[in-house]
Amino acid sequence: MTGQKPIIAFLYDFDKTLCTTDMQNYAFIPSLGMTPPAFWAEANSFGRRNRMDGVLAYMYTMLQEAERRSLPFTREDLVEKGREIELFPGVEDWFDRIDAFGEGLGVQVEHYVISSGLREIIEGSSISGKFREIYASEFYYDESGRPVWPKLAVNFTAKTQFVYRINKGVLDVSDDKTLNDSMPDNSKRVPFTNMIYMGDGLSDVPCMKMMRAYGGQAIAVYQEANRAGVEELLARGRVDFIFPADYRVGTGLDETVKNIIRKMSIADWLWEENARQRKRMGEDILPNQVELF
């Protein structure tokens with residue numbers, strides 16, 4: 001990547017990380033005349049009875065409960081319901097602020113969603129345009145716009161494949177061949193060491209463990225209701241930092257993320273300088289040959 005602006009990638013869970021609760025709770029579930037606890041109890045019970053993946057179970061329950069009430073929905077309906085999403089403080093302008101901060105340090109910042117929620121609802125949110133790619137569960141729709149089959153189901157362990165996609169720059173979910181092709185470390189678009197994963201709990205642990213294993217950073221945010229669980233993640237070494245879900249300027253989360261970007265930008269600059277010096281001496285260099293600290 002010598003000669004190109006280094007890329008730093010932020011990977012976000014969505015529910016309870018950027019917004020305050022499960023995205024279906026804001027408008028979709030109330031539109032059925034159900035409470036969120038009742039809907040999730042039904043979806044989880046159905047999944048257990050049928051030994052079914054939890055994400056597929058809730059997607060099926062959405063279809064069944066809507067059909068039972070003669071309230072079939074379309075893709076456009078779900079996108080519209082996404083406009084009811086309530087974001088945490090500071091999220092609305094977080095992306096532009098972080099992009100500008102990175103630009104000032106000579107790095108390019110990109111943002112990605114990796115969520116077990118629904119892409120359609122996320123697309124209706126006010127921040128959907130801030131992401132280079134949204135990886136989330138999604139329905140396949142017929143010609144009339146009605147959902148007929150799961151197009152993508154992103155469960156907790158499946159999230160990790162999208163980290164590899166971002167690492168290699170193979171963003172098309174239908175392109176498995178290129179994803180699985182061997183690729184030298186120095187040709188990968190976003191090194192793991194330039195990734196920051198942000199989540200809120202146990203469902204994010206596989207991705208958080210990847211970050212910590214490969215040199216990236218893992219951050220967990222919390223509300224008071226899940227503070228104890230997040231503190232346990234920190235105590236068990238599954239995350240690097242924990243913070244209240246407050247993205248405003250000057251918060252601990254804001255300041256720590258900026259310091260992480262500073263560290264990553266310095267590491268990239270040192271690697272580039274080392275590569276330039278070795279090139280002048282006619283030597284080739286791979287990223288893992290440089291010991292910076």
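For clarity, every value in this text was computed on a predicted model and none was experimentally measured.
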>> Hydrophobic clustering (ILVMFWY, side-chain heavy atoms < 4.5 Å, transitive) - are Leu63 and Val148 grouped together?
In response: no
> Do Leu56 and Val173 share a hydrophobic cluster (ILVMFWY, side-chain heavy atoms under 4.5 Å, transitive)?
Replying inline: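 Unlinked, Leu56 and Val173 end up in two clusters.
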Whether [X] side chain and [Y] backbone form a donor-acceptor pair below 3.5 Å:
{"X": "Arg189", "Y": "Ile7", "result": "no"}
{"X": "Asp200", "Y": "Val221", "result": "no"}
{"X": "Ser125", "Y": "Gly82", "result": "no"}
{"X": "Gln223", "Y": "Lys16", "result": "no"}
{"X": "Arg212", "Y": "Met208", "result": "no"}
{"X": "Lys168", "Y": "Asp181", "result": "yes"}

> Does a donor on one side chain and an acceptor on the other come within less than 3.5 Å for Thr256 and Asn259?
Replying inline: no
>> Would you say Glu92 and Ser126 are linked by a side-chain donor-acceptor pair, where the criterion is simply a distance under 3.5 Å?
In response: yes
Shortest non-hydrogen separation from [X] to [Y] and the atoms involved:
{"X": "Val239", "Y": "Ala220", "result": "CG1-CB, 4.1 Å"}
{"X": "Asn167", "Y": "Lys188", "result": "OD1-CD, 3.3 Å"}
{"X": "Gln24", "Y": "Gly117", "result": "NE2-CA, 4.4 Å"}

> For atom CZ of Arg236, is the number of surrounding heavy atoms from other residues, nucleotides or ligands below 6.0 Å larger than 12?
Replying inline: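 At most 12 heavy atoms, drawn from other residues, nucleotides or ligands, come within 6.0 Å of this atom.
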>> Other residues, nucleotides and ligands only: do more than 12 of their heavy atoms fall within 6.0 Å of OH on Tyr60?
In response: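 No, the 6.0 Å shell around OH holds no more than 12 heavy atoms from other groups.
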Looking at [Y] and [X], is any side-chain nitrogen of the basic one under 4.0 Å from a carboxylate oxygen of the acidic one?
{"X": "Glu123", "Y": "Arg75", "answer": "yes"}
{"X": "Arg238", "Y": "Asp204", "answer": "no"}
{"X": "Asp176", "Y": "Arg165", "answer": "yes"}

> Taking it one step at a time, do Lys81 and Glu84 satisfy salt bridge (Lys or Arg N to Asp or Glu O under 4.0 Å)?
Replying inline: CA-CA 6 Å; Lys81 286 176 172 55; Glu84 302 297 319; over 6 Å; no
> In a check of side chain to side chain donor-acceptor pair (under 3.5 Å) between Tyr12 and each of Tyr112, Trp94, Tyr197, which one passes?
Replying inline: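 With Tyr12 as partner, side chain to side chain donor-acceptor pair (under 3.5 Å) holds for just one option, Trp94.
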>> Pair Thr74, Asp77 - check side chain to side chain donor-acceptor pair (under 3.5 Å), show working.
In response: CA-CA 5 Å; Thr74 65; Asp77 291 333; 3.2 Å; yes
> What is the distance from atom CZ of Arg97 to atom CG of Asp254, rounded to the nearest 0.5 Å?
Replying inline: 5.0 Å
> CZ of Phe156 to CG of Asp13: how many Å apart, nearest 0.5 Å?
Replying inline: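 Output value for this atom pair is 9.0 Å.
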>> Go through it in stages, so that I can follow the logic: the residues are Ile8 and Ile196, the test is side chain to side chain contact (heavy atoms under 4.5 Å, CB included), and I'd like the CA-CA distance, side-chain angles, deciding distance and then a yes or no.
In response: CA-CA 8 Å; Ile8 293 176; Ile196 303 166; 4.3 Å; yes
> Passes side chain to side chain contact (heavy atoms under 4.5 Å, CB included), Glu110 versus Ile166? Steps please.
Replying inline: CA-CA 10 Å; Glu110 296 179 350; Ile166 295 163; 5.8 Å; no
> Trp40 and Asp22: side chain to side chain contact (heavy atoms under 4.5 Å, CB included), yes or no, with the steps?
Replying inline: CA-CA 10 Å; Trp40 292 112; Asp22 294 321; 3.9 Å; yes
> Can you check ring-ring contact (aromatic ring centres under 6.0 Å, His included) on Phe95 and Phe131, steps first, answer last?
Replying inline: CA-CA 9 Å; Phe95 307 95; Phe131 305 109; 5.2 Å; yes
> Tell me, which pairs form a ring-ring contact (aromatic ring centres under 6.0 Å, His included) where one or both residues lie in residues 16-38, sequence neighbours left out?
Replying inline: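 Output for this query lists Phe28-Phe73.
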>> Assess the residue pair His111 and Asp99 against the criterion (side chain to side chain contact (heavy atoms under 4.5 Å, CB included)); give the C-alpha distance rounded to whole Å, side-chain angles, the decisive distance to 0.1 Å, and a yes or no.
In response: CA-CA 9 Å; His111 307 274; Asp99 290 351; 2.7 Å; yes
